[in-house]
Amino acid sequence: MHVPFLELRRGYDELKAELDAALSRVMSSGWYILGAETRAFEEEFAAYCGTKYGIGVGNGLDALVLILRALDVGPGDEVIVPSNTFIATWLAVSQVGATPVPVEPDPHTFNLDPASVAGALTSRTKVLMPVHLYGQTADMASIVELAKSHGIKVVEDAAQAHGARFEGRRAGGLADAAGFSFYPGKNLGAFGDGGMVTTDDSALAARVRLLRNYGSRVKYEHLEQGTNSRLDEIQAAVLRVKLAHLDRGNERRREVASRYLRELNGVGIGLPIVLNRAEPVWHLFVVRSSQRDAFVAALKARGVEVGIHYPAHPAAQRAYRSIDSPSLPIADALSKSVVSLPISPWIQDDEVTHVIASVIEAAREVGAKSP
């Protein structure tokens, strides 16, 4: 059996009639930028996240950049970021001229460790930017409490956490603002790039709306040096359809994750650990192997495609060689051992069974031990 890591065509086939109708509706409208579909999706997604405002933008990176710009973060400021994350988190900080300050993750949940954050704070720290990595929220209660005690803003990088909850509240409504990505592979994915800012702050929302559209509220009147980062009508229409099915898709991911956690326990790989107050949506199911290369090769030989999220953390990338980063042993260890198993709303039960059997056989074959 061949099990793909992610087959997005299955998602289209499942919702083909609704998606085709939405696309036809947009094409027939004659209005393709900042129209009724975008406004409706902004309202619907904000309501889903439990926030007052949603602002559609071009992609997830832009969402974070625009939030930082709206908060007047710039040169001389520091933003605390996880050492282990996709590089977009760091790039957002760099693009506004601020300095990303990496903090190591909790080695069990892979998310930002609040205990380590406290030691990284300086007089120049302006924002904490936790990432809800792999679909599990960070320990937001501790992070927000720490930030408030120092007068610092908190911005969620929620690109992997559509629908995830912490203490019953959804990602996107856990801090001062949040940035989402709708890249096609996300739990809520478009047919191209797209992003969203969510917040309860009316002033921040108004400024993000201004900045995303050339710094303009009225055509040809430009109040700031903005940019062009607008969620288009086609993507908004697609996302409106998919939002209605997001919770069901996330529940299927939980079912698959539950089988993995139960049936792969004790086989010689490291399994993810869920924070007590968190309800993950399992954007990725990431295990660890002390013999990763051999383990991945053994899975591939059995027809199981996997991913590596991520083979090199941002500080190890050429793009950030100029940054004077501290020693990051946890991020280093994760980058050498993580393996993402297939998980999606469309994976079939027999495929899950095959993945489980293959992982057990591969772990035994390579003599893997949990890192």
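Note that the coordinates shown come from a computational prediction; the quantities given were computed from them, not determined experimentally.
- In this structure, OG1 in Thr85 is found 9.5 Å from CH2 in Trp90, a value given to the nearest 0.5 Å.
- Checking each of Arg170, Lys242, Arg253, Arg254 against Asp247 for a salt bridge (Lys or Arg N to Asp or Glu O under 4.0 Å) leaves exactly one that passes, namely Arg170.
- Annotation: side chain of Asn84 is not in contact with side chain of Ile330 (no heavy-atom distance under 4.5 Å).
- Residues Arg169 and Glu156 are not paired through a salt bridge, judged by the lack of any N-O separation under 4.0 Å between the basic side chain and the carboxylate.
- Using a 4.0 Å cut-off between charged side-chain N and carboxylate O, Asp72 and Arg207 make a salt bridge.
- With no hydrogens or angles considered, a side-chain donor-acceptor pair links Ser94 and Tyr320 at under 3.5 Å.
- Criterion: ILVMFWY side-chain heavy atoms under 4.5 Å apart, direct or through other members. Under it, Met129 and Phe86 are part of a common hydrophobic cluster.
- If you take OG on Ser83 and NE2 on His313, they are separated by 6.5 Å, rounding to the nearest 0.5 Å.
- Between Phe180 and Phe45, the ring planes are perpendicular. Angles over 60° get that label, and only those under 30° would be called parallel.
- A distance-only check finds a donor-acceptor pair linking the side chain of His132 to the backbone of Ala138 [under 3.5 Å].
- Using cut-offs of 30° and 60° on the angle between ring planes, the pair Phe182 and His162 is tilted.
- Ring-plane geometry between Tyr12 and Phe191 is classed as perpendicular, the angle between the planes exceeding 60 degrees on a 0 to 90 degree scale with a lower cut at 30.
- Every side-chain contact (heavy atoms from CB on, under 4.5 Å) that Leu261 has, sequence neighbours left out, goes to Leu271, Pro272, Trp282, Phe285.
- In the model, Thr99 has no side-chain atom that pairs as donor or acceptor with a side-chain atom of Glu78 under 3.5 Å.
- Every side-chain contact (heavy atoms from CB on, under 4.5 Å) that Asp349 has, sequence neighbours left out, goes to Arg252.
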